[in-house]
Amino acid sequence: MNEEKNIRVIITGVTGMVGEGVLHECLQHPDVTAVLVINRKPCGISHPKLKEIIHADFFDVSPIADQLKGYNACYFCLGVSSIGMKEPEYYKLTYTLTLNFATLLSQVNKDLAFCYISGAATDSTEKGRSMWARVKGETENDLMKLPFKQVFAFRPGYIHPTKGLKNTHKFYNYIGWLYPIVKVIFPGMGSTMRELGLAMINCTKYGYEKKHIEVKDIIVLAKIV
């Protein structure tokens, strides 16, 4: 098994809960040597490993293409909820935005592991009744056609937040106490934010036998040392 000990990663979505949590794990991990975050607004985090690019238009990242060279991983954590959205709008913000970014990235960094935050119950057939699941499925499928070294679609369920991070949704304050119980009764239903971050790092370091990373795979990957 080849091991990548010099991870230079691009992270999107760090002003959201998942992206912030993944960034937190990357900044602490000894094998992650450089982190580039791309945001529409400053993330407010300073660290010797961290570089930030403020870029407003994720539908066109060509102006910053040269600054994306030299990285060997991308953790794409940018995403929106489908609640209250019509399919054309959700498709644009999920499929079109992601593929625009990834396609350009694949042109400047082919030797790269692309890890995409998708969701549990994503529909790889693209034919199911659930709109969001179809769109996520199409996004996963077309990402895997790009000429990256590796592409992994992460499908987390419930994500238990890391204590102390600022972008945790407020409703976790009311339901977080249930997680230890749910984990025992339904072990495949959720993982911690730390486990998700470590799983993405370990996918980059070691690779993985599956391309669709379900909750049980996230937990397995997080334990690799």
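Residues passing the side-chain contact (heavy atoms from CB on, under 4.5 Å) test with Pro30, sequence neighbours excluded: none.
Atoms CZ and OG1, from Phe114 and Thr204 in turn, are 11.5 Å apart once rounded to the nearest 0.5 Å. Taking CG from Asn141 and NZ from Lys211, the interatomic distance works out to 13.5 Å, rounded to the nearest 0.5 Å. One finds the NE2 atom of His29 at 6.0 Å from the CG atom of Leu198 (value rounded to the nearest 0.5 Å). Here CD of Glu52 is found 9.5 Å from CG of Leu23. Values are rounded to the nearest 0.5 Å. Atom CZ of Arg129 and atom CZ of Arg134 lie 10.5 Å apart (nearest 0.5 Å). Expressed to the nearest 0.5 Å, how far OG1 of Thr96 lies from CD of Glu89 amounts to 12.0 Å.
At least one donor-acceptor pair closer than 3.5 Å links the side chain of Asp123 to the backbone N or O of Lys127. With hydrogens and angles ignored, the 3.5 Å screen pairs a side-chain donor or acceptor of Asn109 with a backbone N or O of Leu68. Between the side chain of Thr12 and the main chain of Cys77, a donor-acceptor pair closer than 3.5 Å is present. Between the side chain of Asn202 and the main chain of Ala199, no donor-acceptor pair closer than 3.5 Å is present. Under the 3.5 Å distance criterion, the side-chain polar atoms of Lys49 are matched with a main-chain donor or acceptor of Leu27. Without hydrogens or angle criteria, Gln67 side chain to Ile64 main chain gives no donor-acceptor distance under 3.5 Å. With Ser106 contributing its side chain and Thr103 its backbone, the two residues share a donor-acceptor pair below 3.5 Å. Of the possible polar contacts, none joining the Asn100 side chain to the Phe58 backbone as a donor-acceptor pair under 3.5 Å is found. Arg8 places no side-chain N or O within 3.5 Å of a backbone atom of Asn72 that could act as its donor or acceptor partner.
Nearest heavy-atom pair across Gly44 and Lys166 is CA-NZ, 4.2 Å. Taking both residues in full, the closest heavy atoms of Arg40 and Ala56 are given as NE-O, 3.5 Å, listed atom of the first, atom of the second, then distance. Of all heavy-atom pairs spanning Met193 and Val18, the tightest one is CE-O, 3.6 Å. Nearest heavy-atom pair, Leu104 versus Ala65, reported as atom, atom and distance to 0.1 Å: CD2-CB, 3.9 Å. Nearest heavy-atom pair across Leu97 and Leu78 is CD2-CD2, 3.6 Å. Considering all non-hydrogen atoms of both residues, Ser191 and Ile219 come closest at CB-CG1, 4.3 Å.
Val14 and Ile38 are not part of a single hydrophobic cluster, where members link through side-chain heavy atoms under 4.5 Å apart. A chain of hydrophobic side-chain contacts below 4.5 Å, direct or via other Ile, Leu, Val, Met, Phe, Trp or Tyr residues, connects Val22 to Tyr206. Connection of Met144 to Leu105 is established within a shared hydrophobic cluster, with ILVMFWY side chains joined at heavy-atom distances below 4.5 Å, either directly or through further cluster members. The cluster map of Ile, Leu, Val, Met, Phe, Trp and Tyr, joined by side-chain heavy atoms under 4.5 Å apart, puts Ile53 and Leu112 in the same cluster. In the hydrophobic cluster analysis, where Ile, Leu, Val, Met, Phe, Trp and Tyr join through side-chain heavy atoms closer than 4.5 angstrom, Ile54 is grouped apart from Tyr71.
For residues 66-79, the pairs satisfying salt bridge (charged side-chain N to carboxylate O under 4.0 Å, His left out) are Asp66-Lys69, with sequence neighbours left out. Among residue pairs with one or both ends in residues 37-56, none qualify as ring-ring contact (aromatic ring centres under 6.0 Å, His included); sequence neighbours excluded.
Atom NZ of Lys216 is surrounded by 12 or fewer heavy atoms from other residues, nucleotides or ligands within 6.0 Å.
Of the candidates Lys136, Glu140, Arg155, Glu140 is the only one forming a side-chain hydrogen bond (donor to acceptor under 3.5 Å, both in side chains) with Ser118.
Taking the centre of each ring, Tyr208 and Phe152 stay at or above the 6.0 Å mark.
Side-chain contact check for His24 and Glu20: no donor-acceptor pair (N or O, by modelled atom type) lies under 3.5 Å.
Looking at Tyr158 and Val215, their side chains never come closer than 4.5 Å, going by heavy atoms from C-beta outward. For the pair Cys74/Phe148, no side-chain contact is recorded, criterion being any heavy-atom separation below 4.5 Å from C-beta on. By the 4.5 Å heavy-atom criterion applied to side chains, Leu93 and Phe59 are counted as neighbours.
Between Phe76 and Tyr116, the ring planes lie tilted relative to each other; the angle falls in the 30° to 60° range. By the 30° and 60° cut-offs, the orientation of the rings of Tyr91 relative to Tyr95 is parallel.
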Could you go step by step and tell me if Val151 and Leu146 meet the side-chain contact (heavy atoms from CB on, under 4.5 Å) rule?
CA-CA 8 Å; Val151 176; Leu146 294 176; 5.5 Å; no
